[in-house]
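Below is one structure; the comments refer to it alone.
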Amino acid sequence: MVNPAITAALIAASRQEDVAHKIEARLKKAKAVSSSTAIALDLKDKEQELLDQALAGGTVKQGADGRYYLNERAVSDRAEGQGFMALLILLGVGSLLASLVALAAAF
């Protein structure tokens, strides 16, 4: 049986990877890292959802003219937080394993 918290953490990490690889990579490639270098994005349906997530997370900003750029500070802050997320996942898995061992020992 898989712990729901671990599953949720893995799904969240997977979605963040989608954002990083699809939207952020486009902005990095175009060197859109400030409002003066912002670019317009032509997006498909699923990509619009990813852009909305990136905007909500603060890693992508929208200029007054509707163009988008990468918030490099937020991206680096997120990268630092991913180490904590990995540790949290490992602790959850360790807890699950300890529970299974305790149950097996009880029988």
Side-chain angles (χ1 to χ4, degrees):
M1 183 184 295
V2 178
N3 186 334
I6 294 172
T7 303
L10 291 173
I11 290 171
S14 172
R15 286 188 179 173
Q16 285 300 326
E17 280 185 43
D18 285 346
V19 171
H21 287 102
K22 301 229 183 212
I23 304 297
E24 293 174 9
R26 264 187 178 167
L27 295 171
K28 281 181 189 178
K29 185 177 179 181
K31 297 182 179 158
V33 293
S34 70
S35 59
S36 63
T37 59
I39 62 169
L41 293 173
D42 183 29
L43 303 172
K44 298 174 185 161
D45 292 334
K46 179 153 177 114
E47 290 176 329
Q48 183 62 49
E49 182 182 324
L50 296 175
L51 176 62
D52 292 343
Q53 289 175 10
L55 288 167
T59 57
V60 174
K61 298 285 187 180
Q62 184 174 16
D65 59 359
R67 297 181 303 155
Y68 301 96
Y69 62 96
L70 190 61
N71 181 353
E72 291 184 309
R73 181 179 173 135
V75 171
S76 68
D77 288 347
R78 184 190 67 209
E80 290 175 9
Q82 286 178 343
F84 177 73
M85 179 62 83
L87 177 62
L88 191 59
I89 290 171
L90 287 174
L91 288 173
V93 170
S95 173
L96 179 64
L97 290 175
S99 297
L100 290 174
V101 168
L103 284 173
F107 290 106

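Quick note: numbers below take in every heavy atom, side chains included, and nothing from hydrogens, waters or symmetry partners. Sequential numbering from 1 along the given sequence is applied to the chain's residues.
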Atom [atom1] in [X], atom [atom2] in [Y]: separation rounded to 0.5 Å?
X: Arg26; Y: Leu70; atom1: CZ; atom2: CG; answer: 13.5 Å
X: Lys61; Y: Glu72; atom1: NZ; atom2: CD; answer: 13.5 Å
X: Lys29; Y: Glu24; atom1: NZ; atom2: CD; answer: 16.0 Å

Between [X] and [Y], which heavy-atom pair has the shortest distance, and what is it?
X: Ala32; Y: Ala38; answer: CB-CA, 4.1 Å
X: Tyr68; Y: Leu41; answer: CD1-CD1, 3.8 Å
X: Lys31; Y: Thr37; answer: O-OG1, 3.3 Å
X: Gln62; Y: Leu55; answer: N-CD2, 4.0 Å

message: Any side-chain to backbone donor/acceptor pair from Ser99 onto Ser95? Under 3.5 Å, distance only.
response: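 Yes, because the side chain of Ser99 sits within donor-acceptor range (under 3.5 Å) of the backbone of Ser95.
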
Counting N and O atoms only, with roles assigned by atom type, does the side chain of Asn71 sit under 3.5 Å from a partner on the main chain of Gly58, one being a donor and the other an acceptor?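 Side chain of Asn71 to backbone of Gly58: a pair is present.
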
- Item | Set of residues satisfying salt bridge (charged side-chain N to carboxylate O under 4.0 Å, His left out) with respect to Asp65, sequence neighbours excluded |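 Per chain and number, Asp65 pairs via salt bridge (charged side-chain N to carboxylate O under 4.0 Å, His left out) with Arg67.
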
Do the side chains of Leu43 and Ile23 get nearer than 4.5 Å, heavy atoms only?
->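 When only atoms from C-beta onward are counted, Leu43 and Ile23 do touch, with a gap below 4.5 Å.
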
Who pairs with Ser35 by side chain to side chain contact (heavy atoms under 4.5 Å, CB included), at least two apart in sequence or on another chain?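 Side chain to side chain contact (heavy atoms under 4.5 Å, CB included) list for Ser35, sorted by chain: Tyr69.
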
